[in-house]
Engineer: 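Quick one: the structure is below, questions incoming.
Sequence lines set the chain letters: A, B, ... in the order given, protein chains first and strands last, and positions in each chain run from 1. What's counted below: heavy atoms across the whole structure, side chains too, no hydrogens, waters or symmetry copies.
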Amino acid sequence: MSAEPQTFAFSAENKAKADAIIAKYPAGRQRSAVIPLLDLAQRQNGGWLPRAAIAHVAEMLELAEIRVWEVATFYTMFNLEPVGRTCIEVCTTTPCWLRGSDAIVAALEDEVGVHLGETTSDGAITLREVECLGACVHAPMFQIGDDYFEDLTAEDVRAIVADIKAGRSPKPGSRIGRPGAAPASGPKVLTGKKA
Amino acid sequence: MPKVTVDGVEIEVAPGSTVLQACEQAGKEIPRFCYHDRLSIAGNCRMCLVEVSPGPPKPQASCALPVAEGQQIKTDSPMVKKARRGVMEMLLINHPLDCPICDQGGECDLQDQALFYGFDRSRFQENKRAVKDKDFGPLIKTQMTRCIHCTRCVRFATEVAGVEELGAIGRGENMEITTTIGQMVTSELSGNIIDLCPVGALTSKPFAFTARPWELRKTESVDVLDAVGSNIRIDARGSEVMRVLPRLNEAVNEEWLSDKSRFACDGLKRQRLDRPYVRENGRLREADWDEAFAAIAAKLKTMPATSVAAIAGDLADCESMLALKDLMAAVGSPNIDCRQDGAKLDAGARASYLFNATIAGIDDADALLIIGSNPRTEAAVLNARIRRRWLKGKFSVGAIGENVDLTYRAKHLGAGPRTLSDVLEGRDDFARVLEAAERPMIIIGSGAVARDDGAAVLATARAVAEKYGVVKDGWNGFCLLQRAASRVGGLDLGLVPGQGGRDVARILAGAASGEIGLVWLLGADEIDMNRLGSAFVVYQGHHGDAGAHRADVVLPGAAYTEKSGTYVNTEGRVQRANAAHFPLGEAKEDWAILRAMSGVIGKPLAYDNLAQLRARMAQANPVFGRVDAITPATWGPFGAAGAMSDAPFANLVANFYMTDPISRASVTMARCTELLGPNKGATGTHG
Ligand code: SF4
Ligand code: FES
Ligand code: FES
């Protein structure tokens, strides 16, 4: 897997995006753009943030490197080491755990062949345990990239992993199709037609 | 002014105070780790909990809570005690129990407060966390497992020192204090984070494992390695200075100290002159005092008085300088100078060589023009005060000279005297800034006047000051920033050439041409020794530096930690340094050496003890009559009109860590020079 690159620079396209993000903030408050810029850099760099990218963002925002480093290490969403092409972040916090996240983790580890916190040897998939992702109402769940996969069962996990291995894009959202955080047995309120 | 009640006692406090300050005012001690009155409020350690009503029914962090009219504050209720115990127990969960091998032991806030709020055993069964130590450089030893994340060090570096080099990475249990990866702390004020750290996470590297604080003899004194006159405490064991710490003086150094002043003290143990030497057949050999004096007396007899000259160095105390002056007068020589660097300063106009606004006056200034000075290396602690003033806002800084990072934003106006003229003539926009300011300030470096056109530069700066209201009723913002601890004292005592006498440049020229036959160097090491020609050189001082190597007779004197001496800092503050131990070996206090010499040549000076000498000092110049005080100088003409060259103002402190015989002898300072100095990384170990 790629080691720390010596340099980092935004691609022309991302540079334009970065400038647009910075322009959103009032003059003198450019440092507010630090999180979106780090996110952009992470996306450009295959899902992780090398030191050079942190330094680059610091330079763009005229911040000391340590200040950006503090932000990058504070948020678990920033990966400071290389990750697999797909990163599966499974929630094991209490609500998800009560709803069976143990089984989800077991199925994931079994299907992918690595433990939580590890990456497959071909660099395809990283498994990671995370704290509550704010989707407890659809527990248990995990996140892949920008997508949530909710109301999971072990079978769902196997299907999703199979999709990923085959290069297909699994469909995100609730596996039982319930919309808008409604109870599993269907909506109970606001069922009437609009007046 | 809001009235609050602290433990049943009603007091009035200044609006905007915090509850913690109110409690202190009421005489209640509030335990704390993160709060520090010179840093921003972080409120993260929770040790300062008190009970406040009205308010939520839970303990509150007093350091971060503003006072409000009618508040009832309890500092010793059962709730408070229980809460503080709880906080202490939490802090100790991950703090190692290694006080016996921790250098902070005996002066550790955590240790002290655990005594009051700690529990005698731990309920914690799990493993304690361990944190990798960081490389903070040659001065600061880290033991990061001990860190309690108060972030004082981070706030100091960011706010006071003005270098964003420290930070807190990670979060929760994984939070760590670190520098930017692979970098050391480079600030010239870095040692202060050792004092600030409330635990043993940051300790002094050079002092590591050498002594316990309670076994050291503490002497209050003043620092002489720059001209700020920082108040210090010297901790000694026997005749060894173990460490130097800052001492509070709001008007001078507050509670900070520069790294050189703090860490160069190991230089006091190396290269010392502890017995007299005389040169025989080209080599210095050990001698006794009588021989040394006799050799000088014999030499003196061979020449007219006008062939004799004396130069006082940068670390000389006022007592010895006056004795030197009196000795020269007794010999009959007018050739004496205390301006080693050749500064064109006029001993007759005190306002020309003082930091007239005073160091505390920086707080009142509202614009600043820096001429040929880098306060960051010349007076690091003073620079931190400028930075603080700048942080407050409405304070424009312009700089003429080398374009350097001063830790605050300074507009670089130009490099040399021409820019100064532009300001004077109003051609430079900074003239408007000075004009608009109510209390403008000019800091002119001693380097800016230590050039051939120095007198003209000084006169131009004075003209700028007069034109733009830098000097007016109730405000004198004209500040000459000295670098040498002895300079103001020397000028106050009039150690400048007498009638027809020679200054340093002409003494050197005379030595080269043979007109000067004997040069007495009182700790003067910064002149070019090669230019002393074949003159007979007497070196009186404490270190085997440049002067002693060139000398024909070496007279061993006392370093500043070994004698009671008077120093006048750059603002004209008369201060006394005290001896932490006796001079080494056969060395003597410097004034006594000069007094003895006067006896040998049959012209004894009129004082036999320090008290008499000090009375004579006060007579020579009344400013010496008031110790720990500043006698303001009256404004008057100084400098000399003339052409100024185009040469840019040079930065005279090439290496902050080595500027005098003591710091040049210091191993610690050598290490700093190697790793942090201007040519750092030359060995390729870092970068
Ligand atoms: S190293 Fe010391 S000063 Fe810095 S955060 Fe830790 S305990 Fe506080
Ligand atoms: S606990 Fe899993 S999303 Fe909240
Ligand atoms: S001193 Fe108040 S929270 Fe630390």
Engineer: A:Ile54, A:Ile66, A:Val71: which one forms the most heavy-atom pairs within less than 4.5 Å of chain B?
Structural biologist: A:Ile66
Engineer: Is B:Leu166 in contact with chain A via its backbone, its side chain, both, or neither, using a 4.5 Å heavy-atom distance?
Structural biologist: backbone
Engineer: Considering only NZ, NE, NH1 and NH2 on the basic side and carboxylate oxygens on the acidic side, decide whether A:Arg175 and A:Glu155 come within less than 4.0 Å.
Structural biologist: no
Engineer: If you measure from the Lys or Arg side-chain nitrogens to the Asp or Glu carboxylate oxygens, is any gap between A:Lys171 and A:Asp163 under 4.0 Å?
Structural biologist: no
Engineer: Chain A heavy atoms under 4.5 Å from B:Thr158: which part of the residue, side chain, backbone, both or neither?
Structural biologist: side chain
Engineer: Which distance, rounded to the nearest 0.5 Å, do you find between the CZ of A:Arg178 and the NE2 of A:His138?
Structural biologist: 4.0 Å
Engineer: Flag the pair B:Phe33 / B:Tyr35 as yes when their ring centroid distance falls below 6.0 Å, and as no otherwise.
Structural biologist: no
Engineer: Non-hydrogen atoms of chain A under 4.5 Å away: do they reach the side chain of B:Val154, the backbone, both or neither?
Structural biologist: side chain
